[in-house]
Structure formats: C-alpha cells, structure tokens
Protein chains: 4
Amino acid sequence: MDISDVLTRLRDFTDERDWAQFHTPRNLVLALVGEVGELAELVQWRTDDEVRALARTAEGREALSDELADVFTYLVSVADAVGIDLDEAVHAKITKNAAKYPPELSRGSNAKYTELGTRDAQPS
Amino acid sequence: MDISDVLTRLRDFTDERDWAQFHTPRNLVLALVGEVGELAELVQWRTDDEVRALARTAEGREALSDELADVFTYLVSVADAVGIDLDEAVHAKITKNAAKYPPELSRGSNAKYTELGTRDAQPS
Amino acid sequence: MDISDVLTRLRDFTDERDWAQFHTPRNLVLALVGEVGELAELVQWRTDDEVRALARTAEGREALSDELADVFTYLVSVADAVGIDLDEAVHAKITKNAAKYPPELSRGSNAKYTELGTRDAQPS
Amino acid sequence: MDISDVLTRLRDFTDERDWAQFHTPRNLVLALVGEVGELAELVQWRTDDEVRALARTAEGREALSDELADVFTYLVSVADAVGIDLDEAVHAKITKNAAKYPPELSRGSNAKYTELGTRDAQPS
C-alpha cells in the first residue's frame, strides 16, 4: 500500500460528503483518540493469548481490522491536516530511533533511551 | 511508502535489540496510547490555527512529525502482532464506510451513520 | 476527599495563573488524553505483577501517584467546564450500571451487557 | 463526595459479580482508555460552544455525565489496584504543581514549567 493512495481515497471520500469543514487538526486528533479507545476496548479484558485467538475468529478479526483501519485513516488525516508527509516522517523517525537505541546497549532491555547503560536503569 | 517496507524495517529494528519479547498485542496497544497522548499534548493548549502555525516552524514540524511517526509505527506493530494485514484492512474499511455514509445523506452533516436521514439527527 | 474541595483548589490555582482562558472543554479533554498517555507509558512494558511491584518502590509510587492525580484533576476540570456535578454523575452511573449488569447474569463474565444471558455471548 | 465511598460502592459492585479477577492494573488502564475515547467522541466534531450547549440538553447532559463517571470509576479502580490513595495523591500533586508553576512566572502563559521565564518559551 502506498499511503498517498489511501490519502487520495480519503480526500475523495471527504470531498464527496463536504466533510472537509470538520477535518481540522484538533477534531481529527480527538477522532483518533476515539478510535484508539475502541481498539483498547477489544483488548481490555483479554490476555494476549485471548487477543491472538480473537484475531483468528472471523468476527474478531473483522472487529480488530476495522479499529486498526480507523486509527490508521485518522492518523493519515491528521498528518494531511498539518501538511506533514507521513511516509517521510516515519522513515526519519525510525532512523532517529536507531541512533537513540544502539543495539549493543538496548538488547533485551525495556529501559528508556535516557537511561540506557546506567546501572540503575529503571524500565519505563 | 509501502507499509510492508516499514514493517520490514520495524521487525529488523526489533530483532536487533531482542525486543520481540515485549511486543505483545496489549503492550503495543498501551504504547500506542502513550504516543497518542504525546500527540494530544502538542495540540492541547493551541487553536487549530496555532497547530497549523506550529507545523510551519522547524522545531514544531519535527515534534509533530515524530509523534505522528510514533503512532504509525506502533499501529503497524499492533497489526503485525495480531497477524492482520493493515493495507487490506484499511481499504476494506474505506469501502465499508462509503456504504455506511452515502454522500447524498451525509453531505455536510456530522451525524453518526445510525442517525443519517432522520429529522432529529444528533451530531455525534 | 470531597471533590468540591479539589475543585476549589483547582479553581484557585487556575485563577492565580490566569489560566481559565485555556480551560475550555476540548482543551481539557485533550489534556486528559495526554495524562492518560503518561499513565499508559508507566505500564506499557510491564506485567501486572511488575506494575504492582513498581507501586511499592518510592520512585515508582510517586510516578504512578502523579499520573493518577493528573488524570483526576483534568477530569474534575472537564466536568467543571461543562457544568456537570461529577459526584452526582458518578453515583447515578453506578446505579445505572447495577441495573445493566444484574449479578446473577454477569457473575464471572466479561461479556458486555448487551450480550448477557445469550448462549453465544462474545466477551467484549 | 468522599472517594472512599465511591470505592466502597465499586468494590461491592465488583465482588457481587465476581469481577475482581478482571480488575488487574493493566486491564483497568485499558478500560480507562476506552472510556476516555468515548468522552472524546462526544466532543470530536463540536466546537467548545457546541459542547457547552450539548451539556444543557437532557440527552447530551446524560451522555457527558455517563462518560465522565466511567472515566472516574476506572481511575479510582486503577488507583485501588496499585494500592495508591487517590485523595492523598491529588492533594500532593496540586501542591507540587503550585511549586512548579509560580503564579508570577506562569500568569497567562501556556508554557511548560521547564520553559517558564525563558525568553523563547515555546507553548507546549
């Protein structure tokens, strides 16, 4: 998938419904929060194994797919509303994270980068 | 950008640090929530115009890009952890939404699809 | 603790800093989201037992207390911004939930109230 | 309202349904996220004035009250699950914030405390 294809579909969808008026940066961040909440509801009372099992049922798979897709589309829309190229942002951030978390220091550790390599590193 | 390229980079990144042990579905959903919280912090005390202005400064643009990218990478990782093809999920959901929100009924309205076309539609 | 005492302290705090101008309903909801994100960050890479252990260390206890308090104060502020008595709302909602989830039907089940007592109840 | 009264009602509610098994710290944080998402949905497409107007209708007031109450009850439950006295945490945090944000430096400013009194303070 090319994100720009998704963006084109989303913009057409929005234009056909005259919804651009609602798609301000803050409205879209709040809508993103709503969708993340729905994703959280699908996993809140389940163990990790139960979540994985849910993803193997037809109904559960559709529910999870729908919520992941909703988060994705609002995320793409937030980026679009502030004029940021999400593709570029993602690749730049992975490169930045690789520098923040050197493999030799962070291997098997859940410590935050500010605490890597310190003796009393607190997981965070 | 192809999502599968991002996923390949993320998997390599995770493997090099032996972090797969932390990347369970629920851990990743919680990490996604943390990143959405950081995105919300960037817009919480600003108007929409101030958010757009922020995105035009070098520092603000980088801050917004970083948070959007973090949300994206955890979202891709959640989908991967439950074995869902995010690309497929997104296109299927846009098609589903197009059926739920017929242009002629939803034009210019922020009503939820369950209330479209009713006289007393409550925005939601 | 009386919520009205907290509210009085928060209003004084806000007035002394001339911050009421920022405390609109949507700004406060976004600030609440930011704080919930910080709470999520404290538990994202930990098991439940590790979270409980964290709460028994001085530093971890303070971190958790601070985030819980931040969520609480923004929640009280949102309620204040829309003129809702949180005390009254909470007691009314517990009473409502008691009717939605009759003990005999919901005992030991994580099913949503709309699915209680049906043979194929899906946890949700 | 005394938080300990709410906590007593919540514990009784939970015990009568044998739900304590689900009330682990992380499950409750995820449930809190779900409720914050529902609150966000009520304000996502509305201006601040429209949110205030919503709170003056019977139906909207009930919807907002219910979501605020749900966030509150899960927050109280998270605190209980990690053995933290929310009342104490809240008062300690307000005192701490008062020191971080001296009125004379922070008046009318949305700058983060780390940037107070610096010439180039960035709102955050």
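Numbered from 1 within each chain, the chains take letters A, B, ... in sequence-line order.
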**Request:** Counting only heavy atoms closer than 4.5 Å, note whether Val29(B) contacts chain D via side chain, backbone, both or neither.
**Result:** side chain

**Asked** Which atoms of Asn27(B) come close to chain D, meaning under 4.5 Å heavy atom to heavy atom: side chain ones, backbone ones, both, or neither?
**Response** both

**Prompt:** If we ignore angles and hydrogens, is there a donor and acceptor under 3.5 Å between the side chains of Arg46(D) and Asn110(B)?
**Reply:** no

**Asked** Looking at Val36(D), Leu32(D), Val33(D), which one forms a side chain to side chain contact (heavy atoms under 4.5 Å, CB included) with Val33(B)?
**Response** Val33(D)

